[in-house]
Number of protein chains: 2
Amino acid sequence: MSKCEQCIIKQFNSLKHLSREELVRVSACKTSKFIKKGEPLFEEGERINGVFCIKDGVCKVSKMSENGRNQIISLIKKGDLIGERSLISDEPSNLTAVALNDMEVCFVPKDEIMRDLEKNPNFTMSVLKDMAKTLKKSDNVIVEMAQKTVKQRLAETLIRLKEKFDVNDDGIINLQLSREDFANIVGTATESAIRLLSDFKKKGLVEFKGKEIKILNTQELEKIAQGF
Amino acid sequence: MSKCEQCIIKQFNSLKHLSREELVRVSACKTSKFIKKGEPLFEEGERINGVFCIKDGVCKVSKMSENGRNQIISLIKKGDLIGERSLISDEPSNLTAVALNDMEVCFVPKDEIMRDLEKNPNFTMSVLKDMAKTLKKSDNVIVEMAQKTVKQRLAETLIRLKEKFDVNDDGIINLQLSREDFANIVGTATESAIRLLSDFKKKGLVEFKGKEIKILNTQELEKIAQGF
DNA sequence: GTTAAAATATGATATATGTCAGCTTTTTTG
DNA sequence: CAAAAAAGCTGACATATATCATATTTTAAC
């Protein structure tokens, strides 16, 4: 199994603040997992008891509403950590994470992370900063959900996908989402998402080949997101 | 000026984890402020450079949407801390806080808090836990905003107000909100909020005397919040 | 206390979005 | 490869909510 000390992935998250010694300890207790597309990394109500470091792949993090509909809260990708929150608040997860493509993740058990949080202020501070950043993003999402129309949110989502995930030579975004996923991100009915996406397509703003997405006119999408 | 070491308010927040020595230092550099109803505690874009500890009163924390409408993200009351986030991420505030009634707050400058965060792991851990909790709540709000109707959200809001703020002998909630505030909490037009509130009133679920709110039927409101 | 301003209320109407139903295409499974 | 299942698409219709206009009541200002 690969060693954390030598793993480049940690550069993308708070684990980079651990000392060599600490990393060796993490490495000794961590386990590797491969999650296939469509399979859960963890589910609502489950005790995670550790932190996942995403080595490769993407997962959708969602939550069931009382109405029985699924809301995707965020997309987590290579380099991200997930699970710190439940660990810190010592509660079962309030979220479900499902792989959107084949994933490779490392799992570090709770005790090791807690120990590092207590002993290494740099690490703790980094986790704290990360949370502050996430909280800020959450505020933005709340405002967006509360104030923007479905069309605005969908345009916004497309722009963000392009920014967050790589685009290949043909301009195709390196992530495949179903229409239902889109609906669950913006918080609408699948049919509405389908209709609006094909609207965007008709207007020449995006192109779809199956689930491949290519953004043709970011500027116009931005205008729509802003309400024009 | 009163001393932090002797202040009971700190029992309600992370400051309770500071040592006597640390509290004495905090006390020495803190300032007291009185904010009148309607006045801002701080505004979007402002560098706060410290943390506020709310000694008395309530404020609404909001953010402007691109559509030009105000969204209230949360209500902060006696005992709460506010400002840690901007301090930790070292950025100007993304939020505005406006007093809903006369407030008394203490302001502790950044340097002192940062010093405590670096030196006192208990304090840091407490702040971390607090953030994890807020993040969880944010997830819930996002799901609610994305998936529930305005009516559901309004019912939910009324229930939460009753839980969060004291109720006097006559059953009246100890917080006055305008119809516009209600609209800005649930993310709707003021007219819609007015209509729905008077609907609830007609159905005997709530009672209004001006801005005084009395909840008459929590159970029924809960049903509405859940979509019945 | 009178006037002006703000908040609340209500009606009419337009529009966005949800829901249901049926159909086609794509993907999965054996 | 065939059959079944899932995903995508489209139309018709119902409904929630926004918007605009106007009236009334409450609060603030002089």
Side-chain angles (χ1 to χ4, degrees), chain A residues 36-39 60 65-72 98 100-102 144-157 176-202 206-213 224-225 227-228, chain B residues 36-39 60 65-71 98 100-102 144-157 176-203 206-213 224-225 227-228:
Chain A
K36 283 203 187 126
K37 179 177 175 177
E39 283 180 0
K60 54 180 174 183
S65 80
E66 275 183 318
N67 296 12
R69 285 213 288 205
N70 217 256
Q71 178 64 35
I72 296 179
V98 172
L100 282 173
N101 42 41
D102 292 349
E144 209 168 88
M145 287 294 180
Q147 303 280 4
K148 292 193 169 183
T149 65
V150 174
K151 188 192 270 189
Q152 285 181 288
R153 284 180 260 152
L154 191 61
E156 186 82 42
T157 299
Q176 304 209 347
L177 293 173
S178 69
R179 304 301 148 112
E180 193 181 356
D181 287 333
F182 272 106
N184 293 348
I185 290 173
V186 300
T188 189
T190 306
E191 296 95 320
S192 298
I194 288 174
R195 262 183 260 265
L196 288 167
L197 283 173
S198 80
D199 255 29
F200 288 168
K201 189 179 166 187
K202 264 182 213 149
V206 287
E207 202 178 287
F208 293 97
K209 236 184 251 169
K211 278 176 190 156
E212 293 186 338
I213 311 159
I224 291 173
F228 297 102
Chain B
K36 283 201 187 127
K37 180 179 172 174
E39 283 180 359
K60 55 180 175 185
S65 80
E66 275 183 319
N67 295 12
R69 286 212 288 206
N70 218 255
Q71 179 64 34
V98 172
L100 282 173
N101 43 39
D102 292 350
E144 209 168 88
M145 289 292 180
Q147 303 280 5
K148 292 193 170 183
T149 65
V150 173
K151 187 191 271 187
Q152 287 181 287
R153 284 180 260 153
L154 191 60
E156 187 83 42
T157 298
Q176 304 210 346
L177 293 172
S178 69
R179 306 300 148 113
E180 195 182 354
D181 286 334
F182 272 106
N184 293 348
I185 290 172
V186 301
T188 189
T190 306
E191 296 96 319
S192 298
I194 288 172
R195 262 183 259 264
L196 288 168
L197 283 173
S198 78
D199 255 30
F200 288 168
K201 190 180 164 187
K202 265 181 215 151
K203 286 182 189 150
V206 287
E207 201 178 288
F208 293 97
K209 235 184 250 169
K211 276 175 191 155
E212 291 186 339
I213 311 158
I224 291 173
F228 297 103

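Reminder, nothing fancy here: chain letters follow the sequence lines and each chain counts from 1.
Considering only side-chain atoms of A:Lys151, the nucleotide from C:dT17, C:dT8, D:dC20 that sits closest is C:dT17. Listed candidates were C:dT8, D:dG8, C:dT19. Nearest to the side chain of B:Arg179 is C:dT8. Each of C:dG18, D:dT17, D:dT10 was ranked by its minimum atom distance to the side chain of A:Ala189; first place goes to C:dG18. For A:Thr149, the side-chain atoms get nearest to C:dT17 when compared with the rest of C:dT17, C:dA9, D:dC9.
Spacing between atom NZ of B:Lys209 and atom P of C:dT8 amounts to 17 Å, rounded to whole angstrom units. We find that CZ of A:Phe182 is positioned 10 Å from P of D:dG8, with the value rounded to whole Å. At whole-Å resolution of the value, CG in A:Leu154 and P in C:dA16 are 15 Å apart. A straight line from CG of A:Leu197 to P of D:dT10 spans 12 Å, rounded to a whole angstrom. Regarding B:Lys201, its NZ atom lies at a distance of 7 Å from the P atom of C:dA9, rounded to whole Å. Computed from coordinates, the B:Gln176 CD to C:dT8 P distance equals 11 Å when rounded to whole Å.
For D:dG8, the OP1/OP2 oxygens have no side-chain nitrogen or oxygen of A:Thr190 closer than 4.0 Å. Contact between the side-chain N/O atoms of A:Arg195 and the OP1/OP2 oxygens of D:dC9 is not found at any separation under 4.0 Å. Distances shorter than 4.0 Å separate some side-chain N or O of B:Arg69 from OP1 or OP2 on D:dT19. Taking side-chain N and O atoms only, A:Ser192 has a distance below 4.0 Å to OP1 or OP2 of C:dG18.
The backbone N or O of B:Ser178 lies less than 3.5 Å from a partner atom in the side chain of B:Asp181, making a donor-acceptor pair. Checking side-chain atoms of A:Gln147 against main-chain N and O of B:Asn70 turns up a donor-acceptor pair under 3.5 Å. When atom types are taken as modelled, the side chain of A:Glu207 and the backbone of A:Ile213 share no donor-acceptor pair closer than 3.5 angstrom. A:Asp102 contributes no side-chain N or O that, together with a main-chain N or O of A:Lys36, makes up a donor-acceptor pair within less than 3.5 Å.
Both A:Leu196 and A:Glu191 lie near DNA chain C, and the one whose nearest nucleotide falls closer to the 5' end is A:Leu196. Comparing B:Lys37 and B:Val150 by the nucleotide of DNA chain D whose heavy atom lies nearest to each, the residue mapping closer to the 5' end is B:Val150.
Among the protein residues, B:Lys148 comes within range of no part of the nucleic acid, since none of its heavy atoms lies under 4.0 Å from any strand. At a threshold of 4.0 angstrom between heavy atoms, the contacts of B:Lys211 are confined to the sugar-phosphate backbone, with no base atom among them.
One finds the CD atom of A:Glu180 at 8.5 Å from the CD1 atom of A:Ile72 (value rounded to the nearest 0.5 Å).
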